[in-house]
Trainee: 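Right, I'll just put the structure down here and ask away after.
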Amino acid sequence: MAKSCFSVLQNPVQLEGKRAEGISRILERYGNHPQVNAEITIAERWSAEYFSLEKASRFSALARDAKASILKKLEQTIVGEIQLIEVAGMAFTAKMASLAPSVEERELYSFFAADEARHFQLISQISSPPDPETVKKNSFLRFIGELIDTQNPEPLVFFIQVFLEGWGIHYYGGLSRACKDLRTKQTLDSIIKDEASHHGSGLLLFQEAKLPQQEQQFIQETMGFFLDAIRIGPQSLTKTLADACGGLSEAEVVQFLQEIEFQKKVATDLGHIRSILQKSDSVELLKRFEAKKAFELPNIKDCAKAIISSWS
Ligand SMILES: [Fe+2]
Ligand SMILES: [Fe+2]
């Protein structure tokens, strides 16, 4: 794994004996979260409807057990990714606190760092331990890690607080509304509350016009990467179904994308990103993406090709 904020997952130093006991006692004290107290009540957190899978003929034709195993895998992917985003969040806020240009901003990022640690604890209570293999396989997580590791604070305010946390509020909100497990729902709602103030402070701190030309250029190119990833559609959902079906041809992927009406979801997601850019006064960025037609829906065959090529 390339060196990034996720390196901590690779061969972590194990604390032993008294030290390990003492540190875990202190962490437990900080991890006393009265607002999340519901028991995990059901085996399935999100139904096939949340993923629009009930409309897909290949999914409907599967046996009950195979369907349940797909939903379980999707759920593990979602929760595992959120957990690793929190690992990255702890690295981001620590970096921003140490490089802060004022005591007030250092104070702000230190409080945010405590929020991210709390989110990590909450999500870890409903998931398996963080898995470095997930980072290896997930280009989005690797990319976020590299950004945090290498970028200056100003572009990071944009990528992490304005874009990613703004996106997170939208994405986690959808997950929470559709979630059938009360404890998971409460965990997501508790995270969303904090992310709203992290995102709000990002909107206040980010000033596109004051960024040097080179950093504006970098933000434009990098945002293009995120937008393209969203426009091509549900890569991990399609891959999970393909694995369960012993593979899917390009025509079958096209049919699947049509059946789940993925363009409706992509249109909502793109609309949300556009509104984040408008709220943050990212005038140049918006102009550039409008000119490149980056908010327009892609051709479904191109999406299927891009999804299949992402599997290799
Ligand atoms: Fe967080
Ligand atoms: Fe956050």
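Heavy atoms only: backbone and side chains are in, while hydrogens, waters and symmetry mates are out. Remember, it's 1-based here, ligands and their atoms both numbered in the order they're listed. Numbering starts at 1 and runs along the sequence shown.
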Trainee: Do any of the N/O/S atoms of His199, backbone or side chain, fall under 2.8 Å from the Fe ion (ligand 2)?
Mentor: no

Trainee: Show your reasoning for whether salt bridge (Lys or Arg N to Asp or Glu O under 4.0 Å) applies to Asp194 and Arg118.
Mentor: CA-CA 10 Å; Asp194 294 332; Arg118 193 180 69 86; 2.6 Å; yes

Trainee: For the atoms OE2 of Glu195 and ND1 of His119, give the angle they form at the Fe ion (ligand 1), rounded to 10 degrees.
Mentor: 100°

Trainee: Would you call the rings of Phe143 and Phe225 parallel, tilted or perpendicular, taking 30° and 60° as the class edges?
Mentor: tilted

Trainee: With no hydrogens and no angle check, is any side-chain donor or acceptor of Asn152 less than 3.5 Å from a backbone partner on Glu154?
Mentor: no

Trainee: For the Fe ion (ligand 2), give me the closest N/O/S atom belonging to His198, just the atom name.
Mentor: ND1

Trainee: For Lys279, does the NZ atom have more than 12 heavy-atom neighbours from other residues, nucleotides or ligands under 6.0 Å away?
Mentor: yes

Trainee: Do the rings of Phe289 and Phe295 sit parallel, tilted or perpendicular, given the 30° and 60° boundaries?
Mentor: perpendicular

Trainee: Can you tell me the angle formed at the Fe ion (ligand 1) by OE1 of Glu116 and OE1 of Glu86, to 10°?
Mentor: 80°

Trainee: How is the N/O/S atom of Glu165 that comes nearest to the Fe ion (ligand 2) named?
Mentor: OE2

